[in-house]
Amino acid sequence: MTLHLSWPLRLGLAILTAIGGFLWLETAWTAYQADTALSQARALQHQGQADRALRVLETAQRLASGNAELALEAGNLHLVGYLLEGEPARLEEGIGQYSRATQLNPLEPFYPASLGQALLLAGRFDRAEEALERALPGDPHNLEYLWWMGRAKEGQGDLRAAREFLRRALEVREDPRVRADLLRLGEMLSTPRSGVGR
Amino acid sequence: MRTRWIVIGVVLLSQAIAQYRSNAASPAPEKPCPRPARYWLELDPARWPLETLRLGGQRYGTEPLLRLLASEARQPQTYLRQQLAAAKLSLASGAEPSAIAATVAEADQMLQRFATREQMLALGDALEAYTRFRRYTPGCR
C-alpha cells in the first residue's frame, strides 16, 4: 500500500518527526546526566567528600532542572551536614531542596514527608504539619509519616493529638523511635507495653 | 518516496539513540547501609568518612572516638553517645538519613540537657535499631 502525500505535507511531517526525535533524545540525555550525577554524588559521599558530591548535584540540577530525585539527594546531603555540624544554614538549604522536589513531583509522598521532617527539625511545626498532610494521603499507614505528624502536633502544643498519631504509628508496628517519643511525652509511662505493638 | 524513507530513518535512528542513552545510564548505586559501632571500631580510622565528630555539642577526635566505640559499659549516657557516633559515621558515609534524622537530632540535644536513664536508653536503642539491626533501611536487612 502506498500513501500519496503532497510535498508540503511530507516536508511538514519530516520537520515534526525531526523535532520529536530531538526532544526525545534531549529527554533521554538529561535523564542520563541526572543518573550519572546521582551515581557520582553517592560515590563521593561514601568517600567522605560531601562538598564535592553537593557540587556535582548542583551542576546536574542546572542541566536537568526538572529532576526531583536530584533535589531530594541534595536535600539529604544538606540534612546530613546539619546533623553532623549543627549549622542551621544547612538545614535551610535542605528545606529549599525538599520544597523543590515536592514542587517538581507533587504525586510522590516521600518528598513532602522529607520536607515535613526537615521543617520539624527547624522548629516550624505548622508548616511541617502542612507538608505531612500532603504526604499522608499518599501513604496513610507509613509509620514515619504518622510519627512525624505526632511531633508536629506536639510542637504546636496539641499533646492529645500528638499522642493519637504516635499510637497510630505504633499500630503499624512497634518501633523504638516512636516508643522513645511516647516516653518523652510521659503518656505511656502508665500504659502496659504489651498492649500496643503487633 | 525518498522523503518517506528519510522520515522513517530519522524516527528509527532517534528511537535507537534514545534507547541507547537511557540504557547506557548506569543506575545510581544503592546507598550504603548503616553500620554498627563495632564495624567502625574495627575499620581503620583512615577510612572513616570524617576525622572528627560532634556529639552532644562536644567534638571528638579519632582517639576518644575509638575509646567510645570500644566501650562495653551500658551506662546510659555512654551508650547513647556510642550509638550516636555509629549513626553519625553511617550518615556521613552516605546511609539513608530520612528514617533517623529526627532521632539523631534528638540524641544530640538530649546529651546537652537533663534526661532520665530510661529516655537515654530508649533513644540509644532507637539508634542501635538503625545501625545494628537496620530496621529502618529495608534494602539492608
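Values below: every heavy atom of this structure, side chains too, minus hydrogens, waters and symmetry copies. Note on naming: letters A, B, ... go to the chains in the order of the sequence lines (proteins, then strands), and numbering restarts at 1 for each one.
Annotation: side chain of B:Cys140 is not in contact with side chain of B:Glu96 (no heavy-atom distance under 4.5 Å). B:Leu55 is listed as a side-chain neighbour of B:Leu65, based on a closest heavy-atom distance under 4.5 Å. Within the 4.5 Å cutoff, no side-chain heavy atoms of A:Glu85 are placed close to those of A:Arg90.
Proximity to chain A is limited to the side chain of B:Leu50, based on heavy atoms less than 4.5 angstrom apart. In this structure, no portion of A:Ala50 lies under 4.5 Å from any heavy atom of chain B. Interface remark: B:Leu53 contributes side-chain atoms only to the contact with chain A (heavy atom separation under 4.5 Å). Looking at B:Tyr136, only its side chain comes within 4.5 Å of chain A, counting heavy atoms on both sides. In this structure, chain B has heavy atoms under 4.5 Å from both the backbone and the side chain of A:Leu83. Using a 4.5 Å cut-off between heavy atoms, A:Leu120 makes no contact with chain B at all. Proximity to chain B is limited to the side chain of A:Trp148, based on heavy atoms less than 4.5 angstrom apart. Only the side chain of B:Ala129 comes within less than 4.5 Å of a heavy atom in chain A; its backbone stays farther off. Proximity to chain A (any heavy atom under 4.5 Å) is restricted, for B:Arg59, to the side chain, taken from C-beta onward.
Closest heavy-atom contact between A:Leu146 and A:Arg168: CD2-NH2, 3.5 Å.
Looking at B:Asp108 and B:Lys88, a side-chain N of the basic residue comes within less than 4.0 Å of a carboxylate O on the acidic one, giving a salt bridge. Salt bridge status for A:Arg42 with A:Glu73: present, with a side-chain N to carboxylate O gap under 4.0 Å.
Looking only at heavy-atom pairs under 4.5 Å with chain A, the residue among B:Ala99, B:Ala122, B:Ala105 that has the most is B:Ala99. The candidate from A:Leu84, A:Val80, A:Leu44, A:Leu77 with the greatest count of non-hydrogen atom pairs under 4.5 Å with chain B is A:Leu84. When each of A:Gly86, A:Gly81, A:Ala18 is scored by its heavy-atom pairs under 4.5 Å with chain B, the top score falls to A:Gly86. When the candidates B:Gly57, B:Ala115, B:Pro49 are compared by the number of heavy-atom contacts under 4.5 Å with chain A, B:Pro49 comes out ahead. Annotation: maximal heavy-atom pairing with chain B below 4.5 Å, among A:Asp175, A:Leu79, A:Leu121, A:Asp181, occurs at A:Asp175. For the set B:Glu106, B:Met110, B:Glu118, B:Gln119, the count of heavy-atom pairs under 4.5 angstrom toward chain A peaks at B:Glu106.
Screening B:Gln82, B:Gln83, B:Arg35 against B:Thr131 for a side chain to side chain contact (heavy atoms under 4.5 Å, CB included) leaves a single residue, B:Gln83. For the side chain to side chain donor-acceptor pair (under 3.5 Å) with A:Gln97, the lone residue among A:Glu92, A:His78, A:Gln61 that qualifies is A:Gln61.
Listed by first and then second residue, the side-chain hydrogen bond (donor to acceptor under 3.5 Å, both in side chains) pairs that reach into residues 103-112 of chain A are A:Glu69-A:Tyr111, sequence neighbours excluded.
Side-chain contact, B:Glu128 with B:Tyr79: a donor N or O sits under 3.5 Å from an acceptor N or O.
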